[in-house]
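Only this structure's heavy atoms are used, side chains among them; waters, hydrogens and symmetry mates stay out. For reference, positions follow the sequence shown, starting with 1.
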Amino acid sequence: MRRRKYLLSGIVVLAALGLAACGGHGAAENSGDGGTAAASEDGSLNLTMAMVDNSQSNYYRGAKRIADLVSEATDGKIQITIQSGGVLGGETDTLDMVIQGDLDMTSCANAVLANYIPEMAVLDQAFLWDSVDQANYAVQNELGALIEAEAEKQGIHVLGYLESGFRDVFSKKPIQSLDDFKGVKIRVMQNEGQLAAFTAFGANPVAISAAEQFTALQQGTIDACENAVSNCWINKYYEAGVTSVTNTKHCFVYIPVCMSGNAWNKIPEDMREAFAEAVQKGCMDQWTYLNEANAEAAENLKNAGVAFYDIDTEALKKAYRTAQEKAGTSYDEAWEAAIDAAKAAVQ
């Protein structure tokens, strides 16, 4: 079994990968306000974790699993309250709160964390990974070590990685070829890689918040959007005019679980290893939940009349590479080396 060292505040934590997680208790949803770690009269530590995803999502299920495993691993001495549905703000807001020490934990897309770690922009590239296994290996090894080391310089402990995984395109008309992207107004994540990719495909990327996508589809402000298939179902985009899903698998999104230095320092040293391992196990369980949610969503969408299409991804890759070369796009050598190492390790 492969093992990896996680460096957290000078503590070396050995996280066994692939272990089956055990059941537990201890997650509470949306009870109380945002704040910092607080010790109860009985000496237990209460942490608050924010997330933008709602309690019906596989991401929340993953967060609850983290809370349950942490409670179990610490004999109930550390509890995590989950504030879901963006009640404490968006991903950028809550990450700022974590950095400032005003919030214990949050989850955010890797592109959001890249605002503080510019080298992470390398992960925004389209068609970066060939498989889920490759992407998972990367954050469990050299790439993860780079992320966590740079995050600590910002006062953030990256404890594990939830995932949104590979993303597909949801559209109001069928998109079956590169030519079909021409002129399509599509809402994308606002990062260089996403914008460059869809511009290269001939589409018109549109900058609106994720929360506005349903209305934007209804009103014709956008013709398409993109995300994990489970998001298309849970957000009911098929009721806003989406009739097609194109299996582009154009990018892979991680959702790092970030903890403030203040909160980490309040965890007793003899519990830190167990705490970190529990978070990582919960994250890995969420990867399974995501796969299950995507499969269920695809079946539900088909039953709702949504058609699924494959596309020549090699044509999309060629268009994107050409755009990158023309723009002279380059990334930090150490980070590119870590990505190459993952690709070499998992073919």
Side-chain angles (χ1 to χ4, degrees), residues 51-62 84-87 90-91 107-109 111-112 126 162-178 180-191 193-195 197-199 201-255 286 289-311 313 316:
M51 63 190 316
V52 296
D53 307 286
N54 66 46
S55 60
Q56 304 304 309
S57 67
N58 70 86
Y59 313 109
Y60 174 80
R61 186 181 174 192
S84 63
V87 296
E91 292 180 319
S107 62
C108 64
V112 175
L162 301 171
E163 291 177 355
S164 179
F166 283 113
R167 295 165 77 100
D168 295 314
V169 170
F170 320 139
S171 56
K172 298 169 75 171
K173 69 173 187 177
I175 296 178
Q176 298 174 264
S177 69
L178 180 62
D180 291 337
F181 273 108
K182 188 173 182 179
V184 171
K185 295 175 292 184
I186 182 169
R187 187 272 174 185
V188 302
M189 296 175 66
Q190 296 306 298
N191 61 62
Q194 288 268 291
L195 293 168
F198 283 95
T199 299
F201 302 161
N204 294 327
V206 177
I208 61 172
S209 72
E212 296 174 335
Q213 287 179 107
F214 187 94
T215 301
L217 285 165
Q218 276 187 323
Q219 297 178 347
T221 306
I222 58 175
D223 308 309
C225 53
E226 52 79 52
N227 212 310
V229 172
S230 60
N231 290 63
C232 186
W233 173 252
I234 200 168
N235 289 302
K236 300 184 178 181
Y237 294 146
Y238 57 93
E239 294 183 355
V242 165
T243 62
S244 307
V245 174
T246 304
N247 300 315
T248 53
K249 303 292 183 289
H250 54 276
C251 76
F252 189 96
V253 173
Y254 300 99
I255 307 175
Q286 184 270 332
Y289 304 155
L290 173 65
N291 292 336
E292 294 171 350
N294 282 338
E296 181 180 358
E299 189 65 27
N300 290 339
L301 288 166
K302 289 174 184 177
N303 291 336
V306 176
F308 280 66
Y309 298 98
D310 291 325
I311 193 170
T313 54
L316 300 182

For the atom pair [atom1] ([X]) and [atom2] ([Y]), what is the distance rounded to the nearest 0.5 Å?
X      : Y      : atom1 : atom2 : answer
Asp168 : Glu226 : CG    : CD    : 9.0 Å
Ser230 : Asn294 : OG    : CG    : 4.5 Å
Gln190 : Ser209 : CD    : OG    : 10.0 Å
Ile186 : Leu195 : CD1   : CG    : 11.0 Å
Lys182 : Asn204 : NZ    : CG    : 11.0 Å

Which atoms form the tightest heavy-atom contact between [X] and [Y], and what is the distance?
X      : Y      : answer
Gln194 : Cys251 : NE2-SG, 3.1 Å
Ala224 : Val184 : CB-CG1, 3.9 Å
Ala109 : Val253 : CB-CG1, 4.1 Å

Short side-chain to backbone donor-acceptor contact, Glu239 and Lys236, under 3.5 Å: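 Pair absent, no side-chain N/O of Glu239 close to backbone of Lys236.
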
ring-ring contact (aromatic ring centres under 6.0 Å, His included) involving Tyr289 - partner list, sequence neighbours excluded: none

Gln286 versus Asn58, side-chain donor and acceptor atoms under 3.5 Å: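 Per modelled atom types, Asn58 and Gln286 side chains form a pair under 3.5 Å.
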
Flag for Ser84-Asn54: side-chain donor and acceptor within less than 3.5 Å: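 No - no donor-acceptor pair under 3.5 Å links their side chains.
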
side-chain contact (heavy atoms from CB on, under 4.5 Å) involving Asn227 - partner list, sequence neighbours excluded: Ser164, Arg167, Phe170, Asn231

Exceeds 12 heavy-atom contacts within 6.0 angstrom, atom CD of Glu296: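 Atom CD in Glu296 is not crowded, with 12 or fewer foreign heavy atoms closer than 6.0 Å.
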
Which atom pairs, one a donor and one an acceptor, fall under 3.5 Å between side chains of residues 303-310 and the rest of the protein, sequence neighbours left out?
| unit_1 | atom_1 | unit_2 | atom_2 | d |
| --- | --- | --- | --- | --- |
| Asn303 | ND2 | Glu299 | O | 3.3 |
| Asp310 | OD1 | Asn247 | ND2 | 2.9 |

Centroid-centroid distance, His250 to Phe166, less than 6.0 Å: no

